[in-house]
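These numbers come from a predicted model, not from an experiment.
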Amino acid sequence: MIKITLPDGSIKEFEQGITAHQIALSISEGLARNVLAAEINGQTWDSNRPITADANVKLLTWNDAGGKATFWHSSAHVLAEALESLYPGTKFGIGPAIETGFYYDVDFGEHQISSDDFKRIEDKYLEIARTKAEFTRTAVTKTDAIDYFTLKGDEYKLDLIKDLPDGSITFYQQGNFTDLCRGPHIPNTSFIKAVKLTNIAGAYWRGDETKKQLTRIYGVTFPKQSELSEYLLMIEEAKKRDHRKLGKELELFTFSEKVGMGLPLWLPKGTALRERLVSFLQKAQQKAGYEQVITPHIGHKNLYITSGHYEKYGADAFQPIKTPQEGEEFFLKPMNCPHHCEIYKFKPRSYKDLPIRLAEFGTVYRYEQSGELHGLTRVRGFTQDDAHIFCRPDQVKNEFKKVIDLVLYVFKALGFDNYTAQISLRDPAKKTKYIGSDENWQLAENAIIEAAQEKGLNTVTELGEAAFYGPKLDFMVKDALGRKWQLGTIQVDYNLPERFELEYTGSDNLKHRPVMIHRAPFGSLERFVAVLIEHCAGNFPLWLMPQQFIVLPISEKYEEYAKSVLDSLNNNDICGLIDLRDEKIGRKIRDAEIKKIPYMLVIGEKEMESGVVSVRKHSAGDVGEMTIEAFTNHLEQEIKISN
RNA sequence: GCCGACGUAGCUCAGCGGUAGAGCACUUCCUUGGUAAGGAAGAGGUCAUGGGUUCAAGUCCCAUCGUUGGCUCCA
């Protein structure tokens with residue numbers, strides 16, 4: 001008998017050789033039907049693999065990330081089988097599960113394939129899935145594995161086997177298809193009820209551009225047809241919310257070939273939105289003790305030699321601008337910190353002055369490969385809501401906490417309630433990769449961990465993800481469609497204070513080196529606005545709306561009164577417009593709805609007589625008559641609540 | 001940067017060897033209309049750019065530029 005410990009802490013005894021599936025069966029038949037795989041002492045196993053010793057067992061279903069991963073990995077094998085059956089001679093690279101779905105890299109040889117072939121492949125796929133073929137695991141020797149794939153003529157699998165130690169190699173077979181695979185897999189193919197091939201793309205074998213390019217087919221599968229339908233709806237919704245589409249429709253921003261790729265042009269409405277974001281953060285930062293600074297868009301080459309960026313990124317940056325007479329070289333600034341270091345050095349600093357918090361909405365320029373550019377999320381010129389905090393080592397933790405407060409305040413105001421924080425620490429095994437003393441790293445890492453803990457953040461910790469100059473805390477938000485985005489970041493830096501020889505005089509009258517904290521709650525305004533657009537589908541909170549209301553006179557006769565309504569409402573915080581077109585009211589309403597203007601004020605005979613406005617709320621409809629004062633109060637109230 | 005797809009009116013797209021099209025937007029006129037499209041007329045295009053094939057090229061081929069899905073990279 002062996003002892004099996006379940007996640008709730010309960011311990012059950014079973015015969016040696018029991019499987020996860022059988023354990024599930026002992027709990028309930030329904031559970032057994034849904035078990036896809038199991039975590040045995042932290043490792044994922046097939047649900048039909050015998051357990052031979054005492055173990056901690058967690059049964060994995062579709063509701064567990066591990067269950068989904070297993071499901072999708074198995075789904076990739078079925079895709080391979082379908083492809084092999086439709087296109088004999090196809091060679092296979094790798095076919096892993098990804099965040100949503102899976103892909104398989106394949107070499108079709110001479111054969112060309114396109115998304116037009118998806119239907120045919122999907123049909124074959126489901127045909128195979130319905131055969132209820134079991135996934136069976138076999139341990140093989142390296143020689144046998146090599147023989148098998150040599151015979152099959154699949155050089156990619158051979159390339160993979162080459163790097164595997166003998167004795168750890170396993171094959172999985174379902175139906176007519178056998179693949180080199182570590183596993184685990186779902187019990188049989190019939191768990192897969194719905195499939196959708198989503199995408200096709202080229203990918204180099206092992207991500208190496210000197211190697212052959214394979215065809216990568218992306219797909220996603222589900223245990224229920226209805227889940228596929230939901231997924232497809234979500235994709236549709238995501239398309240509707242695409243910030244590039246909404247940015248054009250709502251006239252927020254554009255790009256121009258003539259200006260250059262990756263260089264966004266902010267249109268008046270987009271600028272109004274962005275200005276509101278900026279002044280919102282400026283106010284919050286002013287309260288939090290930041291001082292605003294302004295620095296130029298270029299910096300002397302020497303600045304970046306000092307900062308170390310020239311050495312590390314100089315060759316991959318926009319190339320320098322040269323002065324015609326003196327031949328001096330200037331770089332477009334790729335970040336603001338070196339400039340801010342020079343501001344710190346403007347005069348001697350005392351420990352009593354610290355922390356000094358220098359903030360700048362600084363526009364920076366980074367060369368991104370042309371294939372990488374994407375709407376506002378990936379551009380070559382963007383504005384960071386940057387700030388650098390220069391503090392004493394003993395102040396790091398408290399400053400971190402203050403920054404976390406600021407970031408959370410920003411998220412809350414903008415409706416991002418679903419976020420996690422990633423603590424990125426250095427890889428303790430590779431200390432030479434990083435600069436700075438052990439003591440300082442220890443101090444900074446502890447400061448971050450404690451600060452995050454004391455703020456009650458939901459965190460994940462990643463070793464080896466720190467920057468070479470210090471640990472960091474990154475914020476990931478989930479948007480309304482459940483997609484993850486990395487937004488704000490807070491980073492500790494020992495490198496720049498060292499390189500710029502920043503100092504302060506301590507209470508001991510000796511020179512000390514300050515610690516620098518880089519932080520940006522939005523990250524880049526461009527990227528943030530893109531995420532915000534997709535998060536709220538263009539229906540921004542009222543206080544951010546470029547235009548908060550529109551006055552809609554029913555006919556020419558009420559124009560004068562309508563104009564007076566507009567004048568009495570417009571002020572610094574509230575901004576609206578008027579629709580004086582020779583159109584019927586239904587038309588004006590429709591157009592205002594499409595433009596996502598939050599409030600429509602319908603004005604006709606009635607309203608003019610009694611000095612009121614009829615208010616219609618975007619997508620909600622008529623909300624009745626109000627006096628102008630009442631409407632103003634209503635707007636101000638709504639702005640206050642969301643801010 | 002690499003591989004694939006795409007580039008036709010301001011926008012969304014049809015046309016795929018034989019005289020450039022539609023809807024919306026725009027302009028003018030009619031209409032003064034009460035909560036998601038009133039009517040009519042008009043204007044608008046070197047079919048991304050440059051070469052080539054052909055009697056004839058948005059349409060086929062090549063190159064360039066741009067957009068896009070991936071790959072790789074991201075201070």
Side-chain angles (χ1 to χ4, degrees), chain A residues 98 103 105 112-116 198-218 242 244-245 248-249 251 254-262 304 307-314 316-317 331 333-338 364-375 377-380 382 384 386 467-470 472 486 489 491 493 495-496 518 520 524 527 552-559 581-595 600-608 614-625:
Chain A
I98 52 178
Y103 66 80
D105 283 347
Q112 284 278 331
I113 204 167
S114 78
S115 52
D116 299 336
T198 50
N199 209 345
I200 186 163
Y204 296 104
W205 174 235
R206 305 205 133 178
D208 180 347
E209 64 180 80
T210 65
K211 300 226 165 84
K212 180 156 183 192
Q213 186 155 32
L214 307 181
T215 306
R216 175 169 297 179
I217 298 182
Y218 287 87
D242 189 317
R244 293 167 300 182
K245 179 173 178 286
K248 198 184 279 180
E249 285 171 8
E251 299 185 2
T254 187
F255 290 89
S256 148
E257 256 181 63
K258 274 221 173 85
V259 171
M261 58 165 85
Y304 301 107
S307 72
H309 292 107
Y310 179 74
E311 193 190 356
K312 206 163 161 49
Y313 297 103
D316 296 318
F331 278 89
K333 74 174 170 187
M335 69 258 109
N336 305 299
C337 22
V364 298
Y365 301 88
R366 296 179 183 177
Y367 169 74
E368 301 285 358
Q369 298 185 104
S370 57
E372 274 313 310
L373 301 172
H374 180 94
T377 59
R378 201 65 187 275
V379 288
R380 284 176 168 174
F382 58 96
Q384 294 178 311
D386 210 358
F468 74 94
Y469 50 76
K472 59 181 182 175
Q486 198 218 300
T489 179
Q491 311 183 353
D493 186 352
N495 180 38
L496 285 182
H518 307 247
S524 120
R527 185 181 162 78
L552 308 177
I554 281 176
S555 87
E556 260 167 28
K557 291 183 222 155
Y558 319 109
E559 245 188 66
R581 290 177 307 163
D582 180 11
E583 291 291 350
K584 288 192 176 179
I585 192 66
R587 180 51 179 275
K588 293 184 181 182
I589 286 171
R590 177 182 151 81
D591 289 346
E593 287 281 347
I594 288 170
K595 284 194 233 161
M600 287 152 266
L601 306 180
V602 176
I603 284 172
E605 186 85 40
K606 272 192 309 193
E607 291 78 9
M608 192 166 72
S614 280
V615 181
R616 181 189 162 101
K617 199 172 155 106
H618 176 261
S619 75
D622 197 348
V623 293
E625 290 179 10

Quick one: which of [options] gets closest to the side chain of [X]?
| X | options | result |
| --- | --- | --- |
| A:S370 | B:G33, B:U35, B:G1 | B:G1 |
| A:Y469 | B:U35, B:A75, B:G33 | B:A75 |
| A:R590 | B:U32, B:G70, B:A37 | B:A37 |

Whole-Å gap separating [atom2] ([N]) and [atom1] ([X]):
| X | N | atom1 | atom2 | result |
| --- | --- | --- | --- | --- |
| A:E368 | B:U68 | CD | C1' | 17 Å |
| A:M608 | B:G34 | CE | P | 15 Å |
| A:D316 | B:C73 | CG | P | 12 Å |
| A:Y103 | B:C3 | OH | P | 20 Å |
| A:D105 | B:G4 | CG | P | 16 Å |
| A:E583 | B:G39 | CD | P | 10 Å |
| A:E607 | B:U35 | CD | C1' | 11 Å |
| A:M261 | B:G7 | CE | C1' | 14 Å |

task = Indicate yes or no: does A:K557 engage A:E605 in a salt bridge with an N to O separation below 4.0 Å.
result = no
Base, sugar-phosphate, or nothing: which does [X] touch, judged by heavy atoms less than 4.0 Å apart?
| X | answer |
| --- | --- |
| A:G260 | nothing |
| A:I589 | base |
| A:R244 | sugar-phosphate |
| A:E311 | nothing |
| A:N199 | sugar-phosphate |
| A:K312 | nothing |
| A:M335 | base |
| A:S614 | base |
| A:H374 | sugar-phosphate |
| A:E257 | sugar-phosphate |
| A:Y218 | sugar-phosphate |
| A:F255 | nothing |
| A:G371 | base |

Assigned partner base of [N], Watson-Crick or wobble definition, under 3.5 Å:
| N | value |
| --- | --- |
| B:U67 | B:A5 |
| B:C29 | B:G39 |
| B:C11 | B:G23 |
| B:C74 | none |
| B:C16 | none |
| B:U54 | none |

ask   = Using 30° and 60° as the class limits, which term best fits the ring planes of A:Y304 and A:H309: parallel, tilted or perpendicular?
value = perpendicular
inquiry  = Going by the glycosidic torsion and a 90 degree boundary from 0, is the base of B:G58 oriented syn or anti?
reply    = syn
Distance between the [atom1] atoms of [N] and [M], in whole angstroms?
| N | M | atom1 | answer |
| --- | --- | --- | --- |
| B:A57 | B:G1 | P | 32 Å |
| B:G10 | B:G69 | C1' | 27 Å |
| B:U59 | B:G15 | P | 15 Å |
| B:U28 | B:G21 | P | 26 Å |
| B:G42 | B:G50 | P | 32 Å |
| B:G38 | B:G7 | C1' | 37 Å |
| B:G58 | B:U19 | C1' | 14 Å |
| B:A9 | B:A48 | P | 8 Å |

key: Considering all heavy atoms, the nearest A:Y367-A:A317 contact   = CB-C, 4.0 Å
Taking every non-hydrogen atom, the tightest pair across A:S370 and A:R380 = N-NH2, 3.7 Å
message = If stacking means aromatic ring centre less than 5.5 angstrom from the base's six-membered ring centre, planes under 30°, is A:Y313 stacked on B:A75?
response = yes
key: Nearest-nucleotide comparison on RNA chain B, the residue closer to the 5′ end among A:E556 and A:S619   = A:E556
query = Closer to the 5' end of RNA chain B via nearest nucleotide, is it A:E593 or A:K248?
reply = A:K248
inquiry  = side chain to side chain contact (heavy atoms under 4.5 Å, CB included), that's the test. Do A:E625 and A:K606 meet it? Break it down for me.
reply    = CA-CA 10 Å; A:E625 290 179 10; A:K606 272 192 309 193; 3.7 Å; yes
inquiry  = Could you tell me if the side chain of A:Y103 sits less than 4.5 Å from the side chain of A:I98, heavy atoms only?
reply    = yes
Side chain to side chain, A:D591 and A:R581, heavy atoms closer than 4.5 Å = yes
inquiry  = Please determine whether any donor N or O and acceptor N or O are separated by less than 3.5 Å between the side chain of A:R216 and the base of B:C71.
reply    = no
inquiry  = For the OH atom of A:Y313 and the CZ atom of A:R366, what is their distance to the nearest 0.5 Å?
reply    = 8.5 Å
task = Apply the test ring pair (Phe, Tyr, Trp, His ring centres under 6.0 Å) to residues A:Y310 and A:F331: give CA-CA distance (whole Å), side-chain angles for both, the deciding distance (0.1 Å), then the verdict.
result = CA-CA 9 Å; A:Y310 179 74; A:F331 278 89; 5.7 Å; yes
